[in-house]
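Input: a single structure, listed below in structure tokens.
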Amino acid sequence: MLEIDNLWVAINGKNILKGISLNVKAGEVHAIMGPNGSGKSTLAAVLAGRDFAEVVEGSIKYMGRDLFDMAPEERSKEGLFLGFQYPIEIPGVSMVNFMKTAVNEHRRHKGLEPLSASDFLKLMRDKKELVEIDSKLANRSVNEGFSGGEKKKNEIFQMAMLEPRLAILDETDSGLDIDALRIVANGVNKLKRPDTSTIVITHYQRLLDYIVPDIVHVLYDGRIVKTAGKELAVELEAKGYEWIRNEVDRS
Amino acid sequence: MGKENDKVIGEVTSGEYKYGFYSDIEIESIPKGLSEDVVRIISGKKGEPQWLLDFRLKAFRHWQTLKMPRWANLRIPDIDFQDIIYYAAPRKQNTVDGSGEIDPEIKKTFDKLGIPLEEQKHLAGVAVDAVMDSVSVKTTFKETLAEAGIIFSSFSDAVKEYPDLVKRYLGTVVPYTDNFFAALNSAVFSDGSFCYIPKGVRCPMELSTYFRINAANTGQFERTLLVADEEAYVSYLEGCTAPMRDENQLHAAVVEIIAENNAEVKYSTVQNWYPGDKEGRGGIFNFVTKRGLCRGENSKISWTQVETGSAITWKYPSCILKGDNSSGEFYSVAVTNNHQQADTGTKMIHIGRNTKSTIVSKGISAGVSQNSYRGLVKVLRNAAGARNFSQCDSLLLGDKCGAHTFPYIEVDNQTAIVEHEATTSKIGEDQIFYCNQRGISTEDAVGLIVNGYAREVINKLPMEFAVEAQKLLQISLEGSVG
Ligand SMILES: Nc1ncnc2c1ncn2[C@@H]1O[C@H](COP(=O)(O)OP(=O)(O)OP(=O)(O)O)[C@@H](O)[C@H]1O
Ligand SMILES: [Mg+2]
């Protein structure tokens with residue numbers, strides 16, 4: 001599904017990602033953990049095609065294609081979804097209008113007719129139930145005035161609407177209360193199919209109790225310094241990053 | 001903003017003007033130039049009464065003493081007023097009663113513009129006065145409206161059929177002495193719409209005038225007069241387009257509105273004159289004086305405008321709030337792209353007690369355009385309890401365009417409350433990326449974001465117009481993301 005090979009990325013001339021290699025197969029759930037500023041969101045942004053970061057070296061293949069040949073909207077339409085760490089507000093644009101445009105662009109890409117208004121509203125209703133999002137939120141402007149937790153729920157709602165092949169969830173758990181965390185995680189699990197993959201970026205083991213990863217990576221100073229099974233997350237939760245830091249410094 | 005985005009932005013703003021075609025219609029026109037004789041010829045062609053000719057001549061003599069206003073934040077090239085044709089009319093138009101056959105070419109033109117002139121084909125509930133160059137070619141639903149006592153006709157017909165009404169109101173809100181372009185218009189105005197809603201009548205349909213400039217080298221000088229008698233209500237729409245040409249064309253209209261006691265007038269404009277090409281060649285000079293007089297108590301006049309066209313726009317739809325408790329509103333979206341320039345805004349003159357005014361202005365600039373809001377809120381000594389709220393927002397697409405705000409506030413009554421808020425923002429790269437990430441192209445994203453930004457104003461438009469306006473906003477900004 002996704003093959004990242006020796007990826008070097010710089011922002012304003014400063015290297016942020018320093019030789020990342022990562023292989024995500026269909027059906028897998030990967031967790032990426034790591035201290036603040038280690039480059040997790042930068043990696044997510046590069047995957048989604050944001051152009052503030054400069055790719056210095058390396059390659060990324062997505063579904064067998066060179067990811068760098070694809071515009072951000074094409075990546076989306078080919079099933080790559082990014083749940084933003086900080087979702088963006090778009091005043092005056094209703095969620096309904098926004099999602100309708102997005103869904104119909106995805107359909108057009110697949111050679112399908114746009115959804116009729118009633119079919120679309122039905123789809124919205126179904127998906128809203130899936131993530132147990134308040135109906136009223138869908139009638140408001142995109143993320144405008146949403147609470148931190150509501151924004152995160154709204155990301156998963158959009159994911160449910162677009163049914164991505166590869167979902168990258170950047171700290172979707174931060175800002176969620178205990179119930180919302182469970183609801184959101186269950187939503188993500190329900191959307192999982194054998195042919196879809198998920199990359200979960202998180203600081204906390206808690207989320208991984210619900211969305212159980214196959215593989216956990218630790219990103220430290222722009223490098224993946226450790227890769228192991230789900231028990232690594234438990235270990236990190238217990239010990240923090242200090243021992244990783246020591247390990248890295250030693251080598 | 002990244003290189004890639006800049007490029008897309010460049011592409012998005014290079015949209016095409018969809019109404020730039022020219023119709024090959026046989027026209028009757030007079031030679032170029034402006035003189036007392038020309039004024040007499042125009043008046044003569046219309047078979048006007050002496051009082052109207054006198055009005056024109058007075059206006060013309062006054063105009064000769066005036067100079068082009070230069071105070072606006074606009075670079076206006078010198079206009080040679082002798083190099084303009086002041087009267088051009090399709091030869092085979094039906095006249096006076098609107099019952100005769102219309103030249104099929106004219107019908108085709110309006111069909112192409114989406115303005116069918118047959119009543120049965122029409123959007124239910126919209127009556128249209130179609131004006132091409134200097135004359136009204138057709139007014140629909142005249143009879144239906146007449147049953148409710150409503151007069152809706154071309155200005156020329158009104159002069160013939162209701163001379164007393166026209167005489168009573170013409171020039172009472174915008175006197176010919178008002179400004180350079182109002183004087184010019186008063187001297188040479190050719191046609192436009194007249195509308196009178198009698199006491200107690202709610203107009204059962206939207207009234208609209210569609211202005212089309214077709215002939216070359218011709219100026220359009222229309223005159224609209226709208227009177228809502230006591231307790232009357234009307235919603236009025238105005239649309240306009242012109243062919244693409246390399247030379248500039250002048251459009252200098254005057255609109256006057258009178259609202260009597262408890263009357264309400266909503267006036268909506270979707271202005272889409274040809275804006276000129278990407279290099280700034282051609283386009284309409286749109287120098288318009290629009291003013292409403294809330295003469296009666298509790299009367300209300302509301303201006304809503306979506307300005308996307310014209311090379312240069314100079315326009316300040318205003319309200320004189322004379323009646324106690326009267327209110328005025330101005331909702332505006334002005335878009336400028338490429339080399340377009342707009343200096344637009346409003347004047348709210350509070351004279352009566354407890355008068356209220358609301359100003360919501362949304363400027364959107366792209367390309368190398370310049371977009372200015374200019375507004376005056378004036379509270380006179382006796383306007384106790386007057387209230388104004390102004391909100392002026394500017395949105396920039398790219399970094400080569402300009403947004404400017406010139407709010408003037410003059411308050412002579414201590415009980416008045418005047419509030420002014422202003423913001424300037426750039427279209428967010430992160431907003432565009434967020435849309436991209438959901439599969440929405442940058443062009444569509446800009447359309448969405450801009451429409452969201454302008455929604456408060458668009459929502460004030462009648463439904464069918466709102467949809468049109470949304471599309472128009474997107475098209476006008478094609479090629480501009482920045
Ligand atoms: N637009 C930018 N301009 C300059 N520096 C940036 C920019 N974006 C990220 N950085 C820097 O890149 C580094 C990695 O940031 P990133 O957001 O990827 O970290 P993160 O691992 O997601 O951290 P967190 O856990 O706090 O979300 C940080 O040092 C950050 O300051
Ligand atoms: Mg982050």
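The analysis underlying the following values was restricted to heavy atoms, covering all of them including side chains, and did not include hydrogens, waters or symmetry mates. The sequence lines fix the lettering, A, B, ..., with proteins before strands; numbering per chain opens at 1.
- With respect to the salt-bridge test (charged N to carboxylate O, under 4.0 angstrom), the residues A:D126 and A:K122 qualify.
- Taking 4.5 Å as the limit, some side-chain heavy atom of A:I60 sits within range of a side-chain heavy atom of A:L2.
- In this structure, A:L166 CG and A:L67 CG are separated by 9.5 Å, a value rounded to the nearest 0.5 Å.
- Using a 4.5 Å cut-off between heavy atoms, A:S141 touches chain B through its side chain atoms alone.
- Within residues 327-336 of chain B, no residue has any heavy atom under 4.5 Å from a heavy atom of chain A.
- No side-chain heavy atom of A:N12 sits less than 4.5 Å from a side-chain heavy atom of A:K14.
- Counting heavy atoms from C-beta on, the side chains of B:I359 and B:V377 come closer than 4.5 Å.
- Here A:E155 is the residue among A:E89, A:M161, A:E155, A:H109 with the most heavy-atom pairs under 4.5 Å with chain B.
- In this structure, the portion of A:N143 lying under 4.5 Å from any heavy atom of chain B is its side chain and not its backbone.
- With a threshold of 4.5 angstrom between heavy atoms, B:Y453 approaches chain A through N, CA, C or O but not through any side-chain atom.
- Counting heavy-atom pairs under 4.5 Å between each of A:E105, A:R75, A:Q158 and chain B puts A:Q158 at the top.
- Of the possible polar contacts, none joining the B:S369 side chain to the B:S365 backbone as a donor-acceptor pair under 3.5 Å is found.
- Applying the 6.0 Å contact sphere to NZ of A:K18 captures more than 12 heavy atoms from other residues, nucleotides or ligands.
- Chain B forms more heavy-atom pairs under 4.5 Å with one residue of A:K77, A:H106, A:R50 than with any other, namely A:R50.
- B:S318 contributes a side-chain N or O that, together with a main-chain N or O of B:Y316, makes up a donor-acceptor pair within less than 3.5 Å.
- Counting heavy-atom pairs closer than 4.5 Å to chain B, the top residue among A:A71, A:G92, A:A48 is A:G92.
- Contacts with chain B (heavy atom to heavy atom, under 4.5 Å) involve no residue of residues 113-121 of chain A.
- Using a 4.5 Å cut-off between heavy atoms, A:P87 contacts chain B through both its backbone and its side chain.
- For the pair B:R387 and B:F389, the cation-pi test (distance below 6.0 Å, angle within 45°) is failed.
- Residue A:V103 does not touch chain B at all, counting heavy-atom pairs closer than 4.5 Å.
- The existence of a salt bridge linking B:E238 and B:K290 is confirmed by a sub-4.0 Å separation between a basic side-chain nitrogen and an acidic carboxylate oxygen.
- The side-chain contact (heavy atoms from CB on, under 4.5 Å) test with A:L47 is passed by exactly one of A:I168, A:T42, A:L22: A:I168.
- The distance from the CD atom of A:E57 to the CG atom of A:D5 is 9.5 Å, given to the nearest 0.5 Å.
- For A:L82, the parts lying near chain B are the backbone and the side chain together; criterion is any non-hydrogen pair under 4.5 Å.
- Counting heavy-atom pairs closer than 4.5 Å to chain A, the top-ranked of the candidates B:R455, B:R438, B:E456, B:Q431 is B:R438.
- Rounding to the nearest 0.5 angstrom, the gap separating the CD atom in A:E132 from the CD1 atom in A:I156 is 13.5 Å.
- For the pair B:Q340 (side chain) and B:T308 (backbone), a donor-acceptor distance under 3.5 Å is present.
- With a threshold of 4.5 angstrom between heavy atoms, A:F98 approaches chain B through its backbone and through its side chain.
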Handout entry: ring pair (Phe, Tyr, Trp, His ring centres under 6.0 Å) assessment of B:Y373 paired with B:F406
Key = CA-CA 6 Å; B:Y373 166 81; B:F406 304 97; 8.9 Å; no
